[in-house]
Number of protein chains: 2
Amino acid sequence: MTTIKDVARHVGLSVTTVSRALNDFDDVSEATRARVRAAAETLDYHPNAVARRLQRRHSSTIGLMIPLVLHRSFDIFWLEFIGGVAAACSQRGVDLLVATADAHDDVGQGLHGLTRGSRVDGLLVCDIRQSDPRIAYLQRHRFPFVAFGRTTERQDYPYIDVDGAAGVMQAMAHLIGLGHRRIAYLGLDPAFGFSHYRFTGYMQALRNAGLTYDAGLSRVGLGELSAPAVAAEVLGLPDPPTAVIAAADFLAQAVLKAARALGLAVPGDLSIVVFDDSPLVQHAEPPLTAIHQPNTRLGEEAAGLLLDRVAGPDSPLVQRLVVPSLIVRDSTAPPREPPAHSSAY
Amino acid sequence: MTTIKDVARHVGLSVTTVSRALNDFDDVSEATRARVRAAAETLDYHPNAVARRLQRRHSSTIGLMIPLVLHRSFDIFWLEFIGGVAAACSQRGVDLLVATADAHDDVGQGLHGLTRGSRVDGLLVCDIRQSDPRIAYLQRHRFPFVAFGRTTERQDYPYIDVDGAAGVMQAMAHLIGLGHRRIAYLGLDPAFGFSHYRFTGYMQALRNAGLTYDAGLSRVGLGELSAPAVAAEVLGLPDPPTAVIAAADFLAQAVLKAARALGLAVPGDLSIVVFDDSPLVQHAEPPLTAIHQPNTRLGEEAAGLLLDRVAGPDSPLVQRLVVPSLIVRDSTAPPREPPAHSSAY
DNA sequence: GTGAAAGCGCTAACAT
DNA sequence: ATGTTAGCGCTTTCAC
């Protein structure tokens, strides 16, 4: 391992000068800088990052906590998100430390170990719950962080999130524009912020369109296990929906299967919009109209926000909402029969 | 930030003693150890990892280079793999640094930056090509590493890999056992080691079963773009296959679609086996018989191997091959007509 | 423009 | 059983 001392010795200068030459200080002569550079090159010298960190008192590293197998089908999302974070880090010359959040022991070991010991300058916390103790923990300890996702409580922390409500409202507008009036909503566990906000968009759109809320048509808290039964149940209602919004790809898959079992044509008898784009969604039969999030870019931006925050901890609070886009594919069409109430006119 | 000095001052001992007490040296009295522990607790002291690394001359960190959006549909695999690596690291108390490999500039900046500067003690390189310059680079620089995947050349380095050939041979045995004789193979870019070995298994199985190789039935080098056309082409052959092995989920999807377009029933008219399990595969219509890899466990083992290697660089070379398992679902059945040549007997 | 000296926070000989 | 001293590799006052 060649150190700065070796370089200094090689060019017959002090380590100080070598350090300054290599770090582009302007008080070192061009000639010297060149000599030092050359020496560093021939000796294959690369500064020891650890020593530098100790001296500079920051690690030039950020931490990323990702959920561990929480929502299996969101895999694509997370991988692309991580890719974005990694790319942003690499571009700005900082290291990325990845830790997985144990489902249960969030504030415990996980966070504690990461925030202590000066291993990371800041933390990107993901998969925020409606009420998330990690936020409070980080605030209390004044540890620089950015959340990817939002709680539904007091939001006095920096975050970036997808505007799930706006996404669902776009989907609803699309469906309502096609003539649908009975639109079902299949959602995930509302304990997660993103799940809550998506449902919020559904309710809001209903209200905006003057449609009445039918409790039988909106089911939340669904998982991979309950999805098939609930989908069948909703489609089998006496007065069934003509369209359904599924808050995740596997929910849409369940709806698709239930429709097939009931002999319902998609999109003829039933329209489907799904939140979150994925191979499963794109390769479905038919390919599904989807609310699409810019996964990689979200990662890049989240990392960027955190890096800015780390650089200037007293910078103003940044809270960014990214509006997803609706990609219309082949699973949405006008309802077969005209809506019942229109015959009254 | 509270340092070891603060603790020492607080208990009225030297930093040395505090260090030894906290690191469980046996030459410190129980009473002292207790006092020190208590002080550390009340002062909320956590050793500075960076300082410790500088002193110990290793970083207790390993690096993981993952492919950046190379094979889009393998997302699930990589995420679970990363999860396994992260879990193993966390369990053994080391940090995980994640870097993405730019598709083109592999040996260039990417590796160089990671291996230099003492930021990681070892590297896990993935997605190995048939001939991969990164291996040579790491060997030349005597940098501790473990490969996840194999080259097809000289293998004088530690690796862990899935035995792709064995996997495909299992699939072939299953198909041949059902009575299939015309079995097509749809493969990926053979430049990647895993792709090469999978195809190898196909050829070997053909030979073992005494089946003749039909060039029209095996197509490799396929991507998301070329897959649909090639699948249609192969299924539309004058003497079409009764079964096909797809080396990736999106290839199987393409086959499924082509079959549907041609009015072929799966598995009645056409059996399909896919390499790699994924939501896309499980939710397909019908759910596909698949060659399944233990994604998370592969990550754990890969990390374990690297950590062992880092601990003892002169330990014997470990090369581990993991045999995947065949999961029989609903896409495989005996061929409709008895194989043509059997009528000759 | 360059160098000497101090120190980041910790561990590890080597005393005692 | 505890303390003294040195040093990991680097950056940074402060001199000259």
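Lettering follows sequence order; numbering is per chain, from 1.
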Colleague: Using whole Å, report how far CZ of A/R20 lies from P of C/dT2.
Modeller: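 After rounding, the gap between these two atoms is 9 Å.
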
Colleague: Given C/dG9, is OP1 or OP2 found less than 4.0 Å from the side-chain N or O atoms of B/T3?
Modeller: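 False: B/T3 side-chain N/O out of range (4.0 Å or more) of C/dG9 OP1/OP2.
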
Colleague: Measure NE2/A/H58 against C1'/D/dT11 and give the value in whole Å, please.
Modeller: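 A/H58 atom NE2 is separated from D/dT11 atom C1' by 11 Å.
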
Colleague: Given that B/A51 and B/S29 both sit by DNA chain D, which one's nearest nucleotide is further toward the 5' end?
Modeller: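 Residue closer to the 5' terminus by nearest nucleotide: B/S29.
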
Colleague: How many whole angstroms separate atom CD of A/E30 from atom P of C/dT2?
Modeller: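 After rounding, the gap between these two atoms is 11 Å.
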
Colleague: Could you tell me whether the side chain of A/Q55 has a donor or acceptor atom within less than 3.5 Å of a complementary atom in the base of C/dG7?
Modeller: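 When only heavy-atom distances are counted, A/Q55 does reach the base of C/dG7 through a donor-acceptor pair under 3.5 Å.
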
Colleague: Check the angle between the aromatic planes of B/F194 and B/F192 and answer parallel, tilted or perpendicular using the 30° and 60° thresholds.
Modeller: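 Ring orientation of B/F194 relative to B/F192: tilted.
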
Colleague: Is a side-chain N or O of A/R142 found less than 3.5 angstrom from the main chain of A/R140, in a donor-acceptor match?
Modeller: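 It does not hold such a pair.
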
Colleague: Using atom CD1 of A/I4 as one end and atom P of C/dT2 as the other, report the distance to the nearest whole Å.
Modeller: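 Computing the A/I4:CD1 to C/dT2:P distance gives 14 Å.
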
Colleague: May I ask you to evaluate whether A/T17 reaches the phosphate of C/dT2, defined as a side-chain N or O under 4.0 Å from OP1 or OP2?
Modeller: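 Answer is no, no contact under 4.0 Å.
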
Colleague: Please state whether the base of C/dA12 and the side chain of B/T16 form at least one donor-acceptor pair under 3.5 Å?
Modeller: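 A donor-acceptor contact between them is present.
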
Colleague: Taking side chain to side chain donor-acceptor pair (under 3.5 Å) as the criterion, tell me which of B/D95, B/N48, B/T61 meets it with A/R119.
Modeller: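 Passing option: B/D95.
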
Colleague: Base, sugar-phosphate alone, or nothing: which one does A/T32 contact when heavy atoms must sit under 4.0 Å apart?
Modeller: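 The answer is sugar-phosphate, as A/T32 gets under 4.0 Å only of primed atoms, P, OP1 or OP2.
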
Colleague: I need the CZ-C1' distance between B/F25 and C/dC14, as an integer number of Å.
Modeller: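 It works out to 14 Å between those atoms.
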
Colleague: So if I take every side-chain heavy atom of A/L54 and compare against D/dT11, C/dG3, C/dC8, which nucleotide ends up nearest?
Modeller: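 Minimum distance to the A/L54 side chain belongs to C/dC8.
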
Colleague: Look at B/S19 and C/dC10 and indicate whether a side-chain polar atom (N or O) is within less than 4.0 Å of OP1 or OP2.
Modeller: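 No, outside the criterion.
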
Colleague: Taking only the side-chain heavy atoms of B/N48 (C-beta and beyond), determine which of D/dC10, C/dC10, D/dT2 contains the nearest atom.
Modeller: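 So the nucleotide nearest the side chain must be C/dC10.
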
Colleague: Suppose we call a contact any N or O donor and acceptor under 3.5 Å apart; does that hold for the side chain of B/R57 and the base of D/dG9?
Modeller: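 Such a pair does not exist between side chain and base.
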
Colleague: Say whether, by atom type as modelled, one donor and one acceptor occur between the side chain of A/R320 and the main chain of A/I160 under 3.5 angstrom.
Modeller: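 Such a contact is absent between A/R320 side chain and A/I160 backbone.
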
Colleague: Checking A/D163 side chain against A/V322 main chain: does a donor-acceptor pair fall under 3.5 Å?
Modeller: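 No: the side chain of A/D163 does not pair with the backbone of A/V322.
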
Colleague: Using whole Å, what does the distance between atom C1' of nucleotide C/dG1 and atom CG of A/D26 come to?
Modeller: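 Result: 11 Å.
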
Colleague: In whole angstrom, what separates A/H46's NE2 from D/dG9's P?
Modeller: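 About 16 Å, once rounded to whole Å.
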
Colleague: Separation of B/R56 atom CZ from C/dC8 atom C1', in whole Å?
Modeller: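 Checked: the CZ to C1' distance equals 17 Å.
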
